[in-house]
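Take a look at the structure set out below.
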Amino acid sequence: MSSTTAEQTTAGAAASPADTDHPIHAAHTPSGTIRLGVFFQGVNSSTAWRAPGAGDQVAWESFERLITTAERGVFSAFFLGEGLRLREHQGVPLEFDVAGRPDAQTLLAALASITRQIGLVATQNTTYNDPVDLARRLQSLDLLSDGRAAWNIVTTDNAWTGENFRRGGYIDHAERYEHAEAFVDVARRIWRGEDVDHQGRHYHVRASGRLPRSRQGEPVLFQAGVSPQGRDFAARTADVIFSPFGDLERAIDFRHDIVERTLAAGRSAESVQIFPGAEFILAATDAEAEDKLRWVREQQVGPQQAIALLEQYWGRDLTAYDPDGPLPDVDPLVAESGVTRGAGFQFEKAQELTRAWREEAAQKGLSILEFARSRQGSRGSSFTGSYDSVAEQLAEYARWGAIDGLNITPWLIPGGLDDIVDELVPRLQERGVYPTEYSGTTLRENLGLPALA
Ligand SMILES: Cc1cc2nc3c(=O)[nH]c(=O)nc-3n(C[C@H](O)[C@H](O)[C@H](O)COP(=O)(O)O)c2cc1C
C-alpha cells in the first residue's frame with residue numbers, strides 16, 4: 001500500500017506513535033475496536049460518476065442498496081450530508097453539483113422502514129433551521145426508527161445557503177457556534193419534554209416538548225467542524241465527532257486535543273467518540289490497489305473538473321488554461337473564495353494557498369490535471385491497499401485508540417461498499433477489532449454510548 005499525497009495514509013508503515021511527537025493521551029482508554037459508518041454526501045466530487053456501475057445519486061435503489069449492504073456489514077451508521085443550495089461560481093452552479101440533494105429526514109424515514117439496526121444520521125445545520133421545528137422532526141425520526149436517529153450538527157460553511165432563507169445572508173463564523181449552542185440547548189429541552197422559554201441573542205422561543213421519548217431516549221449527537229470553537233462545542237455537547245483527520249498521526253493529535261477539551265468541559269476522556277471521514281480503495285494485492293487508485297482518480301477528476309476545482313480557490317475564470325499545463329500563474333481574484341466563504345478563509349489565505357499549490361506542482365512537475373487528481377481524497381484519508389494490509393492498518397488504529405470508527409465515503413455509488421463488507425469486514429472481525437453483530441437495536445447501544453438517565 002502506498003499513497004499519492006502527503007495527507008494519505010501508508011499501510012504497513014504506520015509509525016509507532018509512542019516513538020513520535022504524537023503521544024496517546026494518558027487519560028484516554030482505547031476501546032480496541034473500530035466501527036464503520038457510511039457517509040452519503042450526495043452530489044460531490046469524490047464519487048466516480050463516469051465509472052462502469054455508477055448509479056443514480058438520487059434514486060431510491062441507490063440508497064436501498066447502500067444501506068442494506070452497510071447493515072449486512074454491521075455498520076453503525078448511515079449518514080446523509082446536507083447541502084441546501086448548489087454551489088456556484090460566478091453565478092453558475094458548479095459542474096460537480098449537477099443534481100441537488102433529497103431532504104435527509106424524508107429519506108432516512110423511508111430507509112428506517114427497510115432496516116432494523118443501523119443508525120440513521122441526518123446532517124442538519126443550526127444556522128438556518130429553527131430549533132423547535134428541527135427538534136420535533138429529529139425526534140419523529142427517532143421514534144419511527146425505534147431509537148436509531150442521530151443529528152450531525154453543522155453550522156455550515158455554505159454561506160450562500162442563506163440566500164435560500166427568509167432572513168438571507170448568514171451569521172459570522174465567530175457567532176455561529178454561540179448560536180449553535182443555544183440551538184442545541186433548546187432542542188434537547190424539547191426532547192426532554194420541558195417547557196422552554198428562551199429569550200436569547202439570536203431568537204426568542206416559547207415552546208414545549210410533547211412527543212414521548214424513543215427507546216434510546218433522544219437522538220445521538222454528532223458534530224462536524226474543526227475550528228477551535230467547533231472543537232469546544234463538540235467537547236461540551238457531542239457524543240461523536242465526524243472529523244477530517246484520518247491519518248494516524250493527525251488522528252492521534254486530534255484525539256489528544258479533544259480529550260483535553262472534553263476533560264476541561266467536565267466530561268470523561270471517552271465521552272466523545274471520533275469518526276474521521278475515509279475513502280477505501282481495495283483490491284486483492286497492494287499493487288492492484290495502486291493501479292485501481294490511479295484509475296479511480298482518473299474517473300473522479302477529468303480536465304473540466306480539474307479546472308473547476310482550481311476556479312473555486314482562484315475565484316476567477318480559468319477555462320483558458322490548459323489542464324495539461326502548469327497551474328495558473330495569477331493571484332486569486334475574490335476576497336473570499338467560493339468553497340470556503342464564511343469559514344474565515346480570506347484573500348491572504350487564498351493567495352497563500354494558491355502560491356503554495358503552484359510551488360508544489362512546479363516542484364513535482366505536475367500539470368493542473370495531475371495536481372487536481374493528487375488533491376482528491378485529501379479531505380479525510382484514503383486507505384489504499386490489499387484487504388489484508390488495510391485490515392492490519394485498521395487493527396493498528398484500534399490498538400492505539402486513535403479513533404473509534406471511520407465514516408466511509410464510497411468512491412462508487414451504489415456498489416462502493418461491496419468489497420468493504422465482503423472482504424475487509426471479515427478480516428477485521430478475525431482480528432477481533434470489529435463487531436460480529438449489533439450489540440443492541442438502538443444507535444446509542446450500538447455505539448457503546450452510556451444510556452441516558
Ligand atoms: C467531516 C465534515 C463533514 C461536514 N459535512 C457537512 C455537510 O454535510 N453539510 C454542511 O453544511 N457542512 C458540513 N461540514 C461543515 C461544517 O458545517 C462546519 O460548519 C464547517 O466545517 C465550519 O466550521 P469549522 O470552522 O468549525 O470547521 C462538514 C465538516 C466536516 C469537518
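In what follows, residues are counted from 1 in the order of the sequence shown. None of these values were measured; they are calculated from a predicted model.
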Spell out, as yes or no, whether a donor-acceptor pair under 3.5 Å connects the side chain of [X] to the backbone of [Y].
{"X": "Asn125", "Y": "Val154", "result": "no"}
{"X": "His28", "Y": "Glu270", "result": "no"}
{"X": "Arg213", "Y": "Leu143", "result": "no"}
{"X": "Thr354", "Y": "Trp314", "result": "no"}
{"X": "Lys292", "Y": "Ala283", "result": "no"}
{"X": "Ser214", "Y": "Gln216", "result": "yes"}
{"X": "Arg50", "Y": "Glu298", "result": "yes"}
{"X": "Asn446", "Y": "Thr442", "result": "yes"}
{"X": "Tyr397", "Y": "Leu248", "result": "yes"}
{"X": "Asp239", "Y": "Val220", "result": "no"}

To check you understand the geometry: which heavy-atom pair defines the closest contact between [X] and [Y], and what is its length?
{"X": "Ala150", "Y": "Leu443", "result": "CB-CD2, 3.5 Å"}
{"X": "Ser386", "Y": "Asp286", "result": "N-OD1, 2.8 Å"}
{"X": "Trp400", "Y": "Pro30", "result": "O-CG, 4.1 Å"}
{"X": "Ser382", "Y": "Glu279", "result": "OG-OE1, 2.6 Å"}
{"X": "Leu66", "Y": "Pro414", "result": "CD2-O, 3.6 Å"}
{"X": "Pro410", "Y": "Leu417", "result": "CG-CD2, 4.2 Å"}

Value rounded to 0.5 Å, distance of [atom1] in [X] from [atom2] in [Y]:
{"X": "Arg444", "Y": "Asp142", "atom1": "CZ", "atom2": "CG", "value": "8.0 Å"}
{"X": "Arg373", "Y": "Gln376", "atom1": "CZ", "atom2": "CD", "value": "10.0 Å"}
{"X": "Leu310", "Y": "Phe371", "atom1": "CG", "atom2": "CZ", "value": "7.5 Å"}
{"X": "Leu221", "Y": "Leu449", "atom1": "CG", "atom2": "CG", "value": "10.0 Å"}
{"X": "Thr68", "Y": "Glu64", "atom1": "OG1", "atom2": "CD", "value": "6.0 Å"}
{"X": "Ile274", "Y": "Ile258", "atom1": "CD1", "atom2": "CD1", "value": "5.5 Å"}

Problem - Residues, nucleotides or ligands: over 12 heavy atoms within 6.0 Å of Arg65 CZ - result: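 More than 12 heavy atoms, drawn from other residues, nucleotides or ligands, come within 6.0 Å of this atom.
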
Under 3.5 Å, is there a donor-acceptor pair linking the side chains of [X] and [Y]?
{"X": "Thr115", "Y": "Arg148", "answer": "yes"}
{"X": "Thr441", "Y": "Arg215", "answer": "yes"}
{"X": "Arg136", "Y": "Gln139", "answer": "no"}

Practice task
Only one of Ile114, Leu108, Val38, Leu107 passes side chain to side chain contact (heavy atoms under 4.5 Å, CB included) with Ile67; say which it is.
Solution key: Ile114

Practice task
Start with the C-alpha gap between Arg192 and Glu218, add the side-chain angles, then the distance that decides, and say whether salt bridge (charged side-chain N to carboxylate O under 4.0 Å, His left out) holds.
Solution key: CA-CA 8 Å; Arg192 291 168 190 179; Glu218 57 196 50; 2.8 Å; yes

Angle class for the [X]/[Y] ring planes (parallel below 30°, perpendicular above 60°, tilted otherwise)?
{"X": "His25", "Y": "His256", "answer": "tilted"}
{"X": "Phe383", "Y": "Phe280", "answer": "parallel"}
{"X": "Trp411", "Y": "Trp295", "answer": "perpendicular"}
{"X": "Phe222", "Y": "Phe275", "answer": "perpendicular"}
{"X": "Trp151", "Y": "Trp191", "answer": "perpendicular"}

Is any NZ, NE, NH1 or NH2 atom of the basic residue among [X] and [Y] found under 4.0 Å from an Asp or Glu carboxylate oxygen of the other?
{"X": "Glu392", "Y": "Arg427", "value": "no"}
{"X": "Asp247", "Y": "Arg250", "value": "yes"}
{"X": "Arg261", "Y": "Asp257", "value": "yes"}
{"X": "Asp422", "Y": "Arg72", "value": "yes"}

Problem - Phe242/Phe39 under ring-ring contact (aromatic ring centres under 6.0 Å, His included): CA gap, chis, key distance, verdict - result: CA-CA 10 Å; Phe242 178 15; Phe39 181 50; 4.9 Å; yes

Practice task
Decide side chain to side chain contact (heavy atoms under 4.5 Å, CB included) for Val184 and Phe233; before the verdict, give the C-alpha distance in whole Å, the side-chain angles of both, and the deciding distance to 0.1 Å.
Solution key: CA-CA 10 Å; Val184 174; Phe233 170 70; 3.8 Å; yes

Looking at side-chain heavy atoms only, is the closest gap between [X] and [Y] below 4.5 Å?
{"X": "Ile368", "Y": "Pro326", "result": "no"}
{"X": "Thr69", "Y": "Phe75", "result": "no"}
{"X": "Ile420", "Y": "Leu36", "result": "yes"}
{"X": "Ser268", "Y": "Thr262", "result": "no"}
{"X": "Glu423", "Y": "Leu282", "result": "no"}
{"X": "Arg176", "Y": "Thr126", "result": "no"}
{"X": "Trp49", "Y": "Gln57", "result": "yes"}
{"X": "Leu111", "Y": "Phe78", "result": "yes"}

Handout entry: Matching residue for Asp404 among Gln273, Arg255, Arg35 - test: side chain to side chain donor-acceptor pair (under 3.5 Å)
Key =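 The single option meeting the side chain to side chain donor-acceptor pair (under 3.5 Å) with Asp404 is Arg255.
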
Practice task
Could you walk me through whether Arg188 and Thr237 pass side chain to side chain contact (heavy atoms under 4.5 Å, CB included), step by step?
Solution key: CA-CA 11 Å; Arg188 278 181 150 164; Thr237 315; 4.0 Å; yes

Exercise for the section: Test side chain to side chain contact (heavy atoms under 4.5 Å, CB included) on Gln105 and Leu138 and set out the steps. Expected result: CA-CA 8 Å; Gln105 287 174 72; Leu138 286 165; 4.1 Å; yes

Exercise for the section: May I ask you to check whether Phe79 and Phe40 place their ring centers less than 6.0 Å from one another? Expected result: no

Exercise for the section: Applying side chain to side chain contact (heavy atoms under 4.5 Å, CB included), run through Gln304 and Ile307 and close with a yes or a no. Expected result: CA-CA 5 Å; Gln304 280 173 304; Ile307 296 287; 6.0 Å; no

Exercise for the section: Quick one: do Glu352 and Arg355 satisfy salt bridge (charged side-chain N to carboxylate O under 4.0 Å, His left out)? Show the steps, please. Expected result: CA-CA 5 Å; Glu352 219 172 88; Arg355 273 190 192 152; over 6 Å; no

